[in-house]
Amino acid sequence: MVDVLFSEADIAEQVSRLARLISQDYKALVSRQHPLIVLPVLKGAWIFSADLVRCLALPVRLEFLRASSYRDGTSSGELHVDIPDIASLGGHHLLVIEDIVDTGRTLSRMLEDLRACHPHSLKVCTLLDKPARRIMPVELHYRGFSVGNRFVVGYGMDLAECYRELPYVGDLGGS
Ligand code: IMP
Ligand code: MG
């Protein structure tokens with residue numbers, strides 16, 4: 001049984017708020033020739049980033065990052081990070097889009113790799129933050145909701161590849 005934790009309306013409100021902040025912060029910095037490069041982390045951030053980019057009043061280029069740390073269910077497996085065409089990211093404003101930051105391991109590893117390509121700037125936007133579980137400190141520049149130590153699904157997020165299609169963020173209980 002999945003309980004609704006954040007409804008479609010709750011999410012839409014946060015998406016608009018975050019998009020307004022991001023648009024304000026970058027409007028003087030980017031142009032069609034030098035767009036903001038938005039980097040959603042697949043697969044979890046696909047729905048959030050699709051909604052977010054459509055609310056941005058900015059020229060955007062899209063590149064996808066791929067990270068997998070949850071192999072089966074909720075237990076943390078080996079961490080794999082895939083950044084395509086990394087050389088082309090140098091000198092640009094980069095915004096990583098995450099679904100949820102839990103221990104921070106995935107994000108800190110990706111940020112380390114992205115810093116190595118010398119971006120003009122590097123920031124993070126996450127829909128959800130689970131600060132109680134943090135192991136690696138990471139700065140979250142744009143953050144939607146904070147959640148306690150619970151496993152959430154829906155709106156792109158999964159448990160063993162299930163529940164991604166739910167239009168809301170749901171709660172599967174403590175993990
Ligand atoms: P971290 O490396 O521990 O911060 O985990 C990062 C990734 O694990 C997130 O981007 C999610 O894809 C996944 N994850 C962490 N917590 C949850 C959860 O509660 N539900 C679904 N996926 C999660
Ligand atoms: Mg993720």
Side-chain angles (χ1 to χ4, degrees), residues 1-8 10-11 14-15 18-19 22 36-56 60 62-86 89 94-116 122-175:
M1 180 65 197
V2 183
D3 298 319
V4 177
L5 193 60
F6 301 114
S7 69
E8 286 183 76
D10 296 335
I11 295 169
Q14 284 301 321
V15 168
L18 293 170
I22 294 167
L36 174 65
I37 303 190
V38 171
L39 299 148
V41 182
L42 294 175
K43 301 177 189 169
W46 74 290
I47 293 181
F48 173 46
S49 50
D51 283 345
L52 187 74
V53 292
R54 284 180 292 174
C55 293
L56 291 177
V60 156
L62 210 53
E63 298 291 343
F64 293 98
L65 304 177
R66 181 96 196 202
S68 39
S69 57
Y70 286 78
R71 288 272 155 239
D72 296 294
T74 59
S75 64
S76 204
E78 200 186 331
L79 180 61
H80 295 274
V81 176
D82 180 22
I83 305 177
D85 206 8
I86 191 162
L89 303 178
L94 308 185
L95 181 63
V96 175
I97 312 289
E98 262 289 23
D99 50 356
I100 183 163
V101 181
D102 185 17
T103 65
R105 284 174 63 235
T106 312
L107 190 57
S108 60
R109 169 70 189 286
M110 283 187 303
L111 293 176
E112 196 180 306
D113 290 357
L114 288 169
R115 265 184 218 110
L122 179 57
K123 285 188 176 183
V124 176
C125 174
T126 186
L127 179 67
L128 292 148
D129 181 19
K130 254 196 247 185
R133 300 241 320 155
R134 198 76 85 250
I135 291 170
M136 299 293 288
V138 277
E139 188 178 356
L140 304 177
H141 306 86
Y142 307 99
R143 194 172 62 139
F145 307 99
S146 189
V147 289
N149 185 10
R150 52 178 70 191
F151 201 82
V152 297
V153 293
Y155 198 65
M157 290 172 286
D158 74 308
L159 171 64
E161 296 302 327
C162 293
Y163 306 111
R164 290 194 196 276
E165 73 283 5
L166 298 178
Y168 53 85
V169 175
D171 185 1
L172 285 174
S175 59

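The first residue in the sequence is number 1, and the count goes up from there. We count ligands from 1, going down the list as the structure has it; atoms in each ligand are counted the same way.
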Does even one non-hydrogen atom of [X] get within less than 4.0 Å of ligand 1?
X      : value
Asp99  : yes
Met136 : no
Val147 : no
Lys43  : no

Under the side chain to side chain donor-acceptor pair (under 3.5 Å) test, which residues partner Glu8, sequence neighbours left out?
-> none

Qualifying residues under side chain to side chain donor-acceptor pair (under 3.5 Å), relative to Asp3, sequence neighbours excluded | none

With Lys123 via side chain to side chain contact (heavy atoms under 4.5 Å, CB included) - residues at least two apart | Asp25, Tyr26, Leu95, His141, Tyr142

Compute the shortest N/O to N/O distance between Gly104 and ligand 1 and return yes if it is under 3.5 Å, no if not.
-> yes

For Phe6 and Asp10, the nearest pair of non-hydrogen atoms, with its separation, is CA-OD2, 3.5 Å

Which atoms of ligand 1 sit under 4.0 Å from any heavy atom of [X]?
X      : answer
Arg150 : 19 (O)
Asp158 : 21 (C)
Arg105 : 2 (O), 4 (O)
Thr103 : 1 (P), 2 (O), 3 (O), 4 (O)
Lys130 : 16 (N), 17 (C), 18 (C), 19 (O)
Glu98  : 10 (O)
Thr106 : 1 (P), 2 (O), 5 (O), 6 (C)

State the [atom1]-[atom2] distance between [X] and [Y], to the nearest 0.5 angstrom.
X      : Y      : atom1 : atom2 : result
Leu127 : Ile100 : CG    : CD1   : 8.5 Å
Ile37  : Leu62  : CD1   : CG    : 10.0 Å
Met110 : Arg115 : CE    : CZ    : 11.5 Å
Leu166 : Met157 : CG    : CE    : 10.0 Å
Thr103 : Ile135 : OG1   : CD1   : 5.0 Å

Hey, what's the ring geometry for Phe48 with Tyr155, parallel, tilted or perpendicular (30° and 60° as the breaks)?
-> tilted

Contact partition for Arg133 relative to ligand 1, non-hydrogen atoms under 4.0 Å = neither

Which protein N, O or S atoms does the Mg ion (ligand 2) have within a distance shorter than 2.8 Å?
-> Glu98 OE1, Asp99 OD1

Side-chain donor or acceptor of Lys130 paired with backbone N/O of Arg150 under 3.5 Å = yes

Residue pair Leu122 / Val96, side-chain heavy-atom distance below 4.5 Å = yes

Candidate with minimal heavy-atom separation from atom 9 (C) of ligand 1, of Ile100, Val152, Leu42, Leu127 | Ile100

Does the pair Thr126 and Asp129 meet the rule for a side chain to side chain donor-acceptor pair (under 3.5 Å), with working shown?
-> CA-CA 7 Å; Thr126 186; Asp129 181 19; over 6 Å; no

